[in-house]
J.: 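I'd like to ask you about the structure that follows.
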Amino acid sequence: MTPPRSHADVFAGFPLVDVASWLDRKSLLVIAPHPDDESLGMGGLIASAAALNHAVDVVFVTSGEGSHRGSPTHPPAVLARVRREEATRAVDILAPGRNAAHFLDLPDGGLSTLPHAGQAVEALAAFMTPDTIVCVTSDTDPHPDHRRSFAWARDASLKTGAALWAYPVWTWMSDTPADESLSGVRLDVSARLDAKRRAIAAHRSQHGLVVDDAEEAFTLPRQMVDRLCQPHEVLIRIHE
């Protein structure tokens, strides 16, 4: 019996494509459950689309206030402000002068139990048209906020007629066998890797550089950052 393949193995079989031809003159909307997901997963695409003069928007579903629990100096409201500022800087590195960062400020870690989910779908749909390509975190990611953001983006894209693609973040660190039926593309972002790395670095709180007194502190694994800073970015096809 053939052993199940990893997601990395399946993704490696996706065709490598040029960003300009893939975008096909459409606008780009990247949906990030937390600040830093956009840069980790789609920083190269955002920078490429902006350089090609496409309309670009990045919507942050939460402000990431749950990454450093129990900090006396950075309680949730303060950390949310810090992370919004970091996200705005990161997006400006990728898409200079666009004012492309938008924040829904929904609760970090609480999206799966959030009431009135229809309002979240409507908020995302407001950024979409039939000429928008939407990229959201994949439902192969284990984080519940990533999966809920995916579900809302799927509903909003079906409502508006926008194309939907999913980008893996934490999937790269998972040993869960991949669905062999997945299809997608690998986007050539080799020319934008410097901007991507600078955008990731702009999320200083996620690299242990801002909060030093949290009871539970999150730090991005170096291995994960390196894995995501490849010359290509992976997108899983959902519907076009």
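All figures in this text were calculated on a predicted structure; none of them were measured in a lab. Residues: numbered from 1 along the sequence shown.
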J.: Sub-3.5 Å donor-acceptor pair from the side chain of Asp105 to the main-chain atoms of Val61, do we have one?
T.: no
J.: With distance as the sole test, does Thr62 use its side chain to make a donor-acceptor pair with the main-chain N or O of Pro33 at under 3.5 Å?
T.: yes
J.: Can we say Glu233 and Lys196 salt-bridge, meaning some charged N sits less than 4.0 Å from an Asp/Glu carboxylate O?
T.: yes
J.: Which pairs with one or both residues in residues 199-212 pass salt bridge (charged side-chain N to carboxylate O under 4.0 Å, His left out), sequence neighbours excluded?
T.: none
J.: Could you note down all residue pairs passing salt bridge (charged side-chain N to carboxylate O under 4.0 Å, His left out) where residues 152-180 supplies at least one of them, sequence neighbours left out?
T.: Arg5-Glu180, Glu122-Lys159
J.: If you look only at pairs with a residue in residues 182-194, which of them pass as a side chain to side chain donor-acceptor pair (under 3.5 Å), with sequence neighbours excluded?
T.: Ser183-Arg237, Asp188-Ser190, Asp194-Arg198
J.: Check whether the side chains of Asp37 and Thr137 place a donor and an acceptor atom closer than 3.5 Å, and report yes or no.
T.: no
J.: Just checking, any donor-acceptor pair under 3.5 angstrom between side chains of Ser63 and Arg84?
T.: yes
J.: Mind checking side-chain contact (heavy atoms from CB on, under 4.5 Å) for Ala120 and listing every partner two or more places apart, or none if nothing turns up?
T.: Leu106, Trp152
J.: For Arg98, what residues pass the side-chain contact (heavy atoms from CB on, under 4.5 Å) criterion, not counting sequence neighbours?
T.: Ala50, Asn53, Val56, Ala95, Ala100
J.: Cys135 and Leu28: side-chain contact (heavy atoms from CB on, under 4.5 Å), yes or no, with the steps?
T.: CA-CA 8 Å; Cys135 301; Leu28 176 67; 3.9 Å; yes
J.: When the side chains of residues 217-225 are checked against the rest of the protein, which donor-acceptor pairs come out under 3.5 Å, sequence neighbours left out?
T.:
| residue | atom | partner | partner atom | Å |
| --- | --- | --- | --- | --- |
| Arg222 | NE | Asp226 | OD1 | 3.4 |
| Arg222 | NH2 | Asp226 | OD1 | 3.2 |

J.: Tell me whether the centres of the aromatic rings in His102 and Phe127 are closer together than 6.0 Å.
T.: yes
J.: Once side chain to side chain donor-acceptor pair (under 3.5 Å) is applied, do any residues pair with His203, and if so which ones, sequence neighbours excluded?
T.: Glu38
J.: Okay, side chain of His68, backbone of Asp213: is any donor-acceptor separation there less than 3.5 Å?
T.: no
J.: Per the side chain to side chain donor-acceptor pair (under 3.5 Å) rule, what does the pair list look like for residues 87-96, sequence neighbours excluded?
T.: none
J.: Return the set of residues passing ring pair (Phe, Tyr, Trp, His ring centres under 6.0 Å) with His54 (not counting sequence neighbours), or none when no residue passes.
T.: none
J.: With Ser6, which residues qualify under side-chain contact (heavy atoms from CB on, under 4.5 Å), at least two apart?
T.: Ala8, Asp9
J.: Asp141 side chain to His143 main-chain N or O, any donor-acceptor pair under 3.5 Å?
T.: no
J.: Looking at CZ of Phe14 and NE2 of His232, how far apart are the two atoms once the value is rounded to the nearest 0.5 Å?
T.: 10.5 Å
J.: Can you list everything that forms a side-chain contact (heavy atoms from CB on, under 4.5 Å) with Ala162? Sequence neighbours excluded, please.
T.: Met128, Thr132, Val134, Ser157, Thr160
J.: According to the salt bridge (charged side-chain N to carboxylate O under 4.0 Å, His left out) rule, which pairs have a member within residues 40-63, sequence neighbours left out?
T.: none
J.: Could you tell me whether the side chain of Asp139 and the main chain of Phe150 form a donor-acceptor pair under 3.5 Å?
T.: no
J.: Once the angle between the rings of Phe11 and His7 is folded into 0 to 90°, is it parallel (under 30°), tilted (30 to 60°) or perpendicular (over 60°)?
T.: tilted
